[in-house]
Amino acid sequence: MRMTSRKTIVKKSFKAIDTLRCFLCFTILFVTFSQKATAQRDVFLPFLDDFSAYSGKVDANLWTNSGAVVNSNYAYNSTTIGVVTLDILDINGKIYDNASIYGFAADTLCSQSIRLDSIKEPILKRLMASDSVYLSFFIQPGGGMGNPWERLGSAPSSKDSIILQFYNSTADSWATVWSMRGTSLEKIYDSFSVYALNVLIPITQEEYFNPDFRFRFINYGSLDNNPSYTYVSNKGQWNIDYVYLNINRSYQDSTIRDVAFVQTCKTFLKNFTAIPSKHFKEEYMIDTIFNTIVNLHSSTLNSHYSYTIQDENNSVVHSYNGGYENIVSYPQTHQFQDAKNHTRVALDYTFSLSDNDWKKFIITHIVSEGVGQDNIKTNDTSRFTQTFENYFAYDDGSAESGIGVEPANGSMFAVRYPLLKQDTLMAVDIYFNCSWQQSNLKPFYLYIYSATNDTLLLPDEELYASQKLTPVFDSLNKFSRFYLDEPLILPKGEFFVVLKSANATYMNIGFDQNNDASPFTFEKKGNQWTNVFLRGSAMIRPYFGYRVVGMDNIAEKTDIKFYPNPAKDYIYIDTPKQTDTKIMDINGRIVKHSYDKTINIDDLPNGLYILQINNQNKKLIITK
């Protein structure tokens, strides 16, 4: 029998203890990870968001709720399609209560807690400062470039700033690690020949390597010292893109293997983003599709571009394949893709519609690296919904700035629209910016004018004048609908939606600066109408409908009465007879049918309806 010395036994015992200790340490780390994973939403490295996959509120899996808004409208040649914008509006589109001309903390974009104590891919491993962890992002001040009347959004002033802070959970404190004063995009481009600065920040302090690391951006804005609060709406904008936190990085880690769209695709119509089908004609189609495509890698890559048009049944009605092209490195050359079959594509298609069609077409553009090694796939796709329903829209539904009626007696503001045939105007949708202290919500009048002079095409004949109306602000970029007292039959030709302030105060209307309708937008000061010089589209949309049977002869004096009108939750039929009641929308569709004398209308949206009681028609207005 072989004998084992005491010394050997002791060595083996220590080895076993070391093995057990390692196992226990790993087990503790695993259990800690498991317990924390069940206690809260864990975010592990890599942390990456380029804001291309969604819009509106930030992704709750990565960020805590804040006033920052994800969009594809505010940035000028952003790094890739989609940015998050910090400004002086809260998430509901209202200016912060603490706003002042002296500066105040506005939007905050804060990450969720990030596990900077460990990674789990490719293996579970504890993190330390020696793992070379860097946070990077692209930053662009708002305001765009070019002529003052063509600017996109609002630049932060010199007294504004944006800061980046790291959270130390041990000390429960935030430390500022980077900041930038308000500046213009021209100054950045003149200095660096780029539209957004790439910022890289190393994380080297050991106290940040814990299970609750966070970082946040804070926008410090200010109001203009303006004598009228009605002028003051959104300003002081910063656009952030491609936020990336990971290990094994360096200061030279400034390029990304990614081919992507820079700007969102736009309408296929020359002037409109939406138009009623009966007023569409082939001449409204654009001739050329313009795309901006970028290669963020350090060397030339090969890319492929195509687009499709699908109807509401997802059937492809038209497609285009631009093939493969080389695309040079933007970090090396500061140039975008210049191949015409990718970026200046001739459009040889027109939509097929009949008068009463209500259709939407989904236009999908796709660009990708030829060998399929893109860092992010979501920025390879850009979509636009081409709408043919019952309204005109020059705008894309996003207000980057404001425009409106000047505060002077007799001052008016007008937008022109073309009718190819007679139609019935039912309502007008308007988005009013939420100005400082809600000073914008002052009474106004809504008019409809025609142009009797086919050469000048200016408002010169009043067809409709409303009673005094009050602007309504609901939430960011949400229109308010104003119904005409009576449906208005408009003849073929040009007509105008005209606004006038009731108290000679400024009316701040949402202004989309990505689509230019200035040739169709007018202002009146004194007795003369002139074109506005600002590039963009006022967010005013006229809505049309079809007359239903009996609309022209609605009986008001009958033995049948109902109340209240306008109504909110219920209507009550006042008659001793048995009733057969139909409620029809403006297109003649029956939306409710009842034999009761008390009818619940709580499920019907606001609007104008026809109430048909025993074959007698009455007007019903629902407002809540």
Side-chain angles (χ1 to χ4, degrees), residues 93-95 224 226-234 392 395 399 401-417 425-451 458-475 477-488 490 495-511 517 520-532 534 536-543 565-566 606-608 619 621 623-624:
K94 296 182 179 180
I95 296 177
D224 292 330
N226 198 302
S228 175
Y229 287 143
T230 54
Y231 285 95
V232 182
S233 55
N234 198 7
F392 284 94
D395 66 275
S401 186
I403 196 171
V405 183
E406 293 296 326
N409 289 325
S411 180
M412 304 175 84
F413 182 84
V415 182
R416 189 175 76 209
Y417 304 88
L425 181 66
M426 309 298 292
V428 177
D429 278 11
I430 307 173
Y431 175 67
F432 290 97
N433 281 320
C434 185
S435 56
W436 178 226
Q437 296 183 348
Q438 297 187 344
S439 55
N440 189 36
L441 305 185
K442 300 291 175 56
F444 73 101
Y445 297 102
L446 171 65
Y447 298 91
I448 305 300
Y449 274 68
S450 67
L458 294 173
D460 60 1
E461 181 180 358
E462 181 184 308
L463 303 178
Y464 171 84
S466 74
Q467 300 296 316
K468 191 179 291 186
L469 303 172
T470 302
V472 176
F473 178 83
D474 186 311
S475 57
N477 294 326
K478 185 173 182 180
F479 287 83
S480 296
R481 180 161 295 179
F482 299 91
Y483 282 93
L484 276 61
D485 300 321
E486 296 278 354
L488 178 65
L490 293 175
F495 78 96
F496 299 80
V497 175
V498 181
L499 303 180
K500 179 182 178 181
S501 173
N503 299 327
T505 55
Y506 182 70
M507 293 181 61
N508 198 325
I509 301 163
F511 195 50
F520 318 107
T521 309
F522 305 86
E523 59 182 354
K524 184 180 182 182
K525 297 177 181 178
N527 296 317
Q528 185 175 4
W529 285 100
T530 59
N531 271 110
V532 300
L534 295 174
S537 304
M539 293 173 67
I540 299 174
R541 299 177 172 183
Y543 274 72
N565 191 20
N606 291 354
L608 176 66
K619 288 180 297 183
I621 298 174
T623 180
K624 301 171 183 179

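Side chains included, hydrogens not; waters and symmetry mates left out as well; all remaining heavy atoms used. The chain is numbered in sequence order, starting from 1.
One finds the CG atom of Leu499 at 13.0 Å from the OH atom of Tyr445 (value rounded to the nearest 0.5 Å). Separation of atoms CG (Leu490) and CZ (Phe496) is listed at 12.0 Å; rounding is to 0.5 Å. For the atom pair CG of Leu425 and CD1 of Ile448, the computed distance is 5.0 Å after rounding to the nearest 0.5 Å. Expressed to the nearest 0.5 Å, how far CG of Leu534 lies from CD1 of Ile403 amounts to 5.0 Å.
A donor-acceptor pair is defined here as one N or O able to donate and one able to accept, closer than 3.5 Å; such a pair exists between the side chain of Asn433 and the backbone of Ser401. In this structure, the side chain of Asn477 engages the main chain of Ala399 through a donor-acceptor pair within 3.5 Å. Under a 3.5 Å cut-off, the side chain of Asn531 and the backbone N or O of Thr521 do form a donor-acceptor pair. Between the side chain of Tyr464 and the backbone N or O of Asp485 there is at least one donor-acceptor pair closer than 3.5 Å. With hydrogens and angles ignored, the 3.5 Å screen pairs a side-chain donor or acceptor of Asn565 with a backbone N or O of Ile621.
Aromatic ring centres of Phe444 and Phe413: separated by at least 6.0 Å.
Judged as a side chain to side chain contact (heavy atoms under 4.5 Å, CB included), and not counting sequence neighbours, the contacts of Tyr483 are Ala427, Arg481, Leu608.
The two residues Tyr506 and Gly404 have their closest heavy-atom pair at OH-N, 3.4 Å. Asn508 and Gly402 get closest at one heavy-atom pair: OD1-CA, 3.4 Å. The two residues Lys500 and Tyr447 make their nearest non-hydrogen contact at CB-CE1, 3.8 Å.
Ring planes of Phe432 and Phe482: perpendicular class, angle over 60° (limits at 30 and 60°).
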Could you walk me through whether Phe511 and Val532 pass the side-chain contact (heavy atoms from CB on, under 4.5 Å) test, one step at a time? CA-CA 12 Å; Phe511 195 50; Val532 300; 5.9 Å; no

